[in-house]
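First comes the structure, then the notes that go with it.
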There are 2 protein chains.
Amino acid sequence: MSKSFTSVWLREPRKATTPGRSREEIVRAALELLDEEGLGGLSMRKLGAKLSAGATSLYWYVANKDELLELAYDEVWAEMIVPDPDEVGWREAASVLAYGMRQAMLRHPWSADLLGRLPALGPNAMHVADKMRRLFKVAGFSGLDIDFANSTLTAYVFGMTIPEVAWNAAIGVENYDPDEMRASVTKAAAQFPDLLERMHMDSYDDPQAVRAMAFDFGLVSVLDGLERRLAA
Amino acid sequence: MSKSFTSVWLREPRKATTPGRSREEIVRAALELLDEEGLGGLSMRKLGAKLSAGATSLYWYVANKDELLELAYDEVWAEMIVPDPDEVGWREAASVLAYGMRQAMLRHPWSADLLGRLPALGPNAMHVADKMRRLFKVAGFSGLDIDFANSTLTAYVFGMTIPEVAWNAAIGVENYDPDEMRASVTKAAAQFPDLLERMHMDSYDDPQAVRAMAFDFGLVSVLDGLERRLAA
DNA sequence: ACCTGAACACCGTTCAAGT
DNA sequence: ACCTGAACACCGTTCAAGT
């Protein structure tokens, strides 16, 4: 009965040997397609063509598209490095990690969509999770609080970066017109005088800078909050 | 040149009058389909059938599927209520709001996927944004910090709830087998002794309860952190 | 003004058949 | 063991045509 939950990482790969095409090759090509064209740009047919293979050949290496995405997704986790908290202190390590996670997502915008859709059980994700647990243990948390503190930081970074990625995608990083944006938001915010206040600030002239400030503000707040829990 | 960014909310609706079918009717039907079958369960064809209409009739009321989703998405924001900070204090108001946002997303799991994909420019979203700004002003923030504090809280709630929704979807709230889950994660976490520690805790026996605790832990931390900024 | 069906250009996935 | 093409059951969207 229990239609149990599945993941690439819970199944043995087809083979240890590397015959004709390989899973790595496929994942690499998928990553290229994803980075260039986004999540919508990856189809099994296109990926097959890119590898000069029939679209359906890929199904020998990968059970389905979702598992392929899981594989690609884990590569993003490989780019997130956790500094050693013993060397730089837990707070600095957490801060550097947070910025690194944000950057990795900005480099691979398609990963933002996957966050809420696929489990992160790959070796790279696990490696990061393991290091993060250590980080918060070094900080002084114990028991369930280790995972709670971990989740808090991760949730903040993801929650902050997901909309940022969406925003970049919606308006395009290039050809951004501050006046047009201001006009759009002003229109949407009509009838909300308090919201309109925001328009009069220069947030729309250099949105990248403002978002970096926002990220930092929140990060400091979250870390302050976690530090307070340690004192209690 | 500037392929400018679009949203339903920036275009005038077709008509003020309500002739045969109406936009509201369509959105209501879409919401039902989404709640029952999820994001993948909504197709223009199925929605048309549900309204005993041709699939393509809908295109008279709505420019495309994304705009329809924007419309549905805004209905979720209608369910998030912001208590009056003058009555209950900003911290209590923020806390109640945070729980409300989480509940709204858990009620409409499909909205978690939309967060990172569609702008939230609808009237209901704007209404919440406006009230949230007021909340943080009452708290004592000023200038850009109002929006920064706002983003911090929102990011935390979304970042925490998106994976929660995904988790529910992946394993199903019903027919959850703690032992199977423990086995799966143990397998994925092999070679990471520190991670494995977590298995020995009873987190898998009542995941709902543990996640509620995690949410509360993080929320208190975030609010503590914001409070600290006020003192500075 | 509103609704239709046919048609276009796509999807992911299965499967019998080939080598 | 690996790869193929045909086929199935879908998509969103356009558009000429109807009323």
Side-chain angles (χ1 to χ4, degrees), chain A residues 3 6-8 11-27 29-30 33-34 36-73 110 113-114 117-118 169-170, chain B residues 3 6-8 11-27 29-30 33-34 36-73 110 113-114 117-118 169-170:
Chain A
K3 130 186 118 96
T6 59
S7 166
V8 225
R11 200 197 346 273
E12 302 304 329
R14 279 274 172 167
K15 205 52 180 309
T17 81
T18 313
R21 253 173 282 276
S22 74
R23 189 179 253 204
E24 288 80 46
E25 194 188 350
I26 291 171
V27 173
L33 220 39
L34 286 166
E36 285 164 13
E37 309 189 27
L39 205 51
L42 175 70
S43 77
M44 300 305 269
R45 282 170 163 88
K46 270 209 249 184
L47 184 57
K50 192 183 171 97
L51 294 163
S52 4
T56 57
S57 312
L58 309 171
Y59 284 86
W60 199 83
Y61 296 93
V62 136
N64 52 45
K65 194 185 179 184
D66 267 6
E67 294 207 347
L68 174 60
L69 288 174
E70 265 190 282
L71 261 2
Y73 182 34
W110 48 273
D113 278 330
L114 264 33
R117 234 177 66 199
L118 301 174
Chain B
K3 137 189 111 96
T6 59
S7 164
V8 224
R11 198 195 351 271
E12 303 302 330
R14 278 274 171 166
K15 205 49 181 311
T17 80
T18 314
R21 255 172 281 275
S22 74
R23 189 180 252 204
E24 289 80 47
E25 195 189 349
I26 291 170
V27 173
L33 221 38
L34 287 166
E36 286 163 12
E37 308 189 26
L39 205 52
L42 175 70
S43 78
M44 300 305 268
R45 283 169 162 88
K46 269 209 249 181
L47 184 58
K50 192 184 171 96
L51 294 163
S52 5
T56 57
S57 313
L58 310 171
Y59 283 86
W60 199 83
Y61 296 93
V62 136
N64 51 45
K65 194 185 180 182
D66 267 6
E67 294 208 346
L68 175 60
L69 288 173
E70 265 191 282
L71 260 2
Y73 181 34
W110 48 272
D113 279 329
L114 264 32
R117 232 178 66 198
L118 300 174

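Quantities reported herein were computed from a predicted structural model and do not represent experimental measurements. A note on names: the letters A, B, ... follow the listed sequences, proteins ahead of strands, and every chain is numbered from 1.
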Side-chain donor/acceptor contact of Thr56(B) with base of dG12(D) under 3.5 Å: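 Donor-acceptor pair under 3.5 Å: no.
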Atom [atom1] of [X] to atom [atom2] of [N]: distance rounded to whole Å?
X        : N       : atom1 : atom2 : value
Leu39(A) : dC11(C) : CG    : C1'   : 13 Å
Tyr59(A) : dA1(D)  : OH    : P     : 21 Å
Arg45(B) : dA9(D)  : CZ    : P     : 14 Å
Glu37(B) : dC10(D) : CD    : C1'   : 14 Å
Leu58(B) : dG5(C)  : CG    : P     : 13 Å
Glu67(A) : dG12(C) : CD    : C1'   : 14 Å
Leu47(A) : dC11(C) : CG    : P     : 12 Å
Met44(B) : dT14(D) : CE    : P     : 10 Å

Separation of the C1' atoms in dC2(C) and dA16(D), to the nearest angstrom: 15 Å
Inter-nucleotide C1' distance (dA17(D), dA1(C)), Å rounded: 15 Å
With a 4.0 Å cut-off on heavy atoms, is [X] in touch with a base, just the backbone sugar-phosphate, or nothing at all?
X        : value
Ala53(B) : sugar-phosphate
Ser57(B) : base
Leu42(B) : sugar-phosphate

Earlier contact from the 5' end, DNA chain C, for Gly40(A) and Ala63(A): Gly40(A)
[X] side chain near [Y] side chain, heavy-atom distance below 4.5 Å:
X        : Y        : result
Leu69(A) : Leu39(A) : yes
Arg23(B) : Val8(B)  : yes
Leu58(A) : Leu51(A) : yes

Pairwise distance CH2(Trp110(A)) to CG(Leu33(A)) - rounded to 0.5 angstrom: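 Result: 11.0 Å between the selected atoms.
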Asn64(B) side, atom CG; Met44(B) side, atom CE - distance, nearest 0.5 Å: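 Nearest 0.5 Å value for the CG-CE distance: 7.5 Å.
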Watson-Crick or G-U wobble partner of dG12(D), both distances under 3.5 Å: dC8(C)
Minimum-distance nucleotide (side-chain atoms of Trp60(B) versus dC11(D), dT13(C), dA1(C)):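 Per side-chain heavy atoms of Trp60(B), the pick is dA1(C).
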Presence of Tyr61(B) side-chain N/O under 4.0 Å of dC3(C) phosphate oxygens OP1/OP2: yes
